[in-house]
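Contents: one structure, followed by commentary.
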Amino acid sequence: MNGIEIRHIVFDIGKVLIHYDPHLPYSRIIPDEEERKWFFANICTQEWNVEQDRGRSWEEAEAVLIRDYPEREEHIRAFRRYWHEMVPHAYVETVSIMESLIADGRDVTMLTNFASDTFREAQKLYPFLTLPRGVTVSGDVGLIKPDVEIYRTHARAFDLEATATMFIDDSFANVEGARAAGWHAVHFTGAQKLKLDLAAYGIQPYGNLGRGGEIGESKSRPVFERPS
């Protein structure tokens, strides 16, 4: 990327820095696979959960579903109650890259679709989420990716120049949203590809990656085991 100077690097969090899978606790709560699939397709759907990322309270979210599915109240409340089990580990290679960029004096921030309270819980579980200069949490600002306004909100909050900003996200729709805001953006599929993407912009992270040893494409190698 000759002629492009990247001064700001913005990380997504879920499935980039920490793993997320709501099926993990529910494989115990609803052991039958077909029933569990039905539950996520019809009750605690992705669309329902996105509204918590947009800022809706868990109390309201639970009430909406319990009104229509009173017989499923315990299963509905389990989503928030056992949320910590949905984030069982971090991605060691990507965390290493982020920490290396920070140690090298790069301006690193985070932009995430996350409910406000569960994000603060995630910071306690994974203290490296406090290392960047700051974060925009969708649940705090009432906007979600890929709405272009959330990228502009983040840029204003942290005084980022759009054309000097690089965004990293596992969702291609969110990558496209960042580009629509005038940012550079790369689609995250693994740590090794991220290293190559950074190198294309003239950015060479150090740390565990690049100090010997072969790094594979896995996104799921844990840096921390499941929090208790």
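Throughout, residue positions are numbered sequentially from 1 according to the sequence presented.
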With distance as the sole test, does T165 use its side chain to make a donor-acceptor pair with the main-chain N or O of E161 at under 3.5 Å? yes
Run the side-chain contact (heavy atoms from CB on, under 4.5 Å) test against L131 and tell me which residues pass, sequence neighbours left out. E99, I102, F128
Rounding to 0.5 Å, atoms CD (E121) and CZ (R80) come to a distance of 4.5 Å
Whether R54 and E60 form a salt bridge (side-chain N of Lys/Arg under 4.0 Å from carboxylate O of Asp/Glu) is what I want to check. no
Side-chain contact, heavy-atom cut-off 4.5 Å: I203 with L101? yes
D140 with R120: basic N within carboxylate O range, under 4.0 Å: yes
Aromatic ring pairing H19/H89, orientation class (parallel under 30°, perpendicular over 60°, tilted between): parallel
Rounded distance (nearest 0.5 Å) linking atom CD1 of I97 with atom CD of Q204: 11.0 Å
If you take all heavy atoms of L111 and Y151, which pair is closest and at what distance? CD2-CD2, 3.5 Å
Closest non-hydrogen atom pair between P205 and L198, with its separation: CG-CD1, 3.9 Å
Which atom names give the shortest non-hydrogen contact between F40 and P22, and what distance separates them? CZ-O, 3.7 Å
With rounding to the nearest 0.5 Å, note down the distance linking CZ in R81 to CD1 in I29. 8.5 Å
Is there a side-chain contact between W58 and T118 (heavy atoms, below 4.5 Å)? yes
Looking at D53 and A115, would you say the former's side chain and the latter's main chain have a donor-acceptor pair under 3.5 Å? yes
Within one Ile-Leu-Val-Met-Phe-Trp-Tyr cluster: F167 and L194, side-chain cutoff 4.5 Å: no
Verdict with supporting geometry, R77 and I66, side-chain contact (heavy atoms from CB on, under 4.5 Å): CA-CA 9 Å; R77 293 193 187 281; I66 292 168; 3.5 Å; yes
When you group the ILVMFWY residues by side-chain heavy-atom contacts below 4.5 Å and let the links chain together, are V135 and V141 in the same group? no
How long is the span from the CD1 atom in I150 to the CG atom in N174, to the nearest 0.5 Å? 9.0 Å
Spacing of I13 atom CD1 and Q123 atom CD [to the nearest 0.5 Å]: 7.5 Å
Verify the cluster assignment for V137 and I168: are they in a single hydrophobic cluster under the rule of side-chain heavy atoms below 4.5 Å apart? yes
Close aromatic pair by centroid cut-off 6.0 Å: H184 and Y201: yes
Exam field: side chain R152 to backbone A181, donor-acceptor pair closer than 3.5 Å: no
Nearest heavy atoms of H187 and K193, plus distance in Å: O-NZ, 2.9 Å
Within 6.0 angstrom of D159 CG, more than 12 heavy atoms from elsewhere: no
Any side-chain heavy-atom pair from I76 and E73 closer than 4.5 angstrom? no
For L160 and H154, run side-chain contact (heavy atoms from CB on, under 4.5 Å): C-alpha distance rounded to whole Å, both residues' side-chain angles, the deciding distance at 0.1 Å, then the answer. CA-CA 8 Å; L160 309 185; H154 184 78; 3.5 Å; yes
If Ile, Leu, Val, Met, Phe, Trp and Tyr residues are connected whenever their side-chain heavy atoms lie under 4.5 Å apart, and connections chain through other members, are V186 and V148 in the same group? no
Is there a path of hydrophobic side-chain contacts, each under 4.5 Å between heavy atoms of I/L/V/M/F/W/Y residues, joining F79 to I144? no
Looking only at non-hydrogen atoms, find the nearest pair between W48 and A61 and report the distance. NE1-O, 3.1 Å
Within a strict 4.5 Å, meaning less than it, do heavy atoms of the D107 and R7 side chains meet? no
What's the shortest heavy-atom distance between W38 and I43, and which atoms? CZ3-CD1, 3.4 Å
Could you check if a side-chain atom of S138 sits within less than 4.5 angstrom of a side-chain atom of K145, using non-hydrogen atoms only? no
How far does CZ of F158 sit from NE2 of H8, to the nearest 0.5 angstrom? 12.0 Å
Any M98 side-chain heavy atom under 4.5 Å of P132 side chain: yes
Is there a side-chain contact (heavy atoms from CB on, under 4.5 Å) between V95 and Y126 once you walk through the steps? CA-CA 10 Å; V95 173; Y126 300 111; over 6 Å; no
For the side chain of D104 and the backbone of R106, is there at least one donor-acceptor N/O pair under 3.5 Å apart? no
Checking Y26 against Y82 for the side-chain contact (heavy atoms from CB on, under 4.5 Å) test, could you report, in this order, the C-alpha distance in whole Å, the side-chain angles of both residues, the deciding distance, and whether it holds? CA-CA 9 Å; Y26 276 92; Y82 298 108; over 6 Å; no
Side-chain heavy-atom pair M110, L17 within 4.5 angstrom cut-off: yes
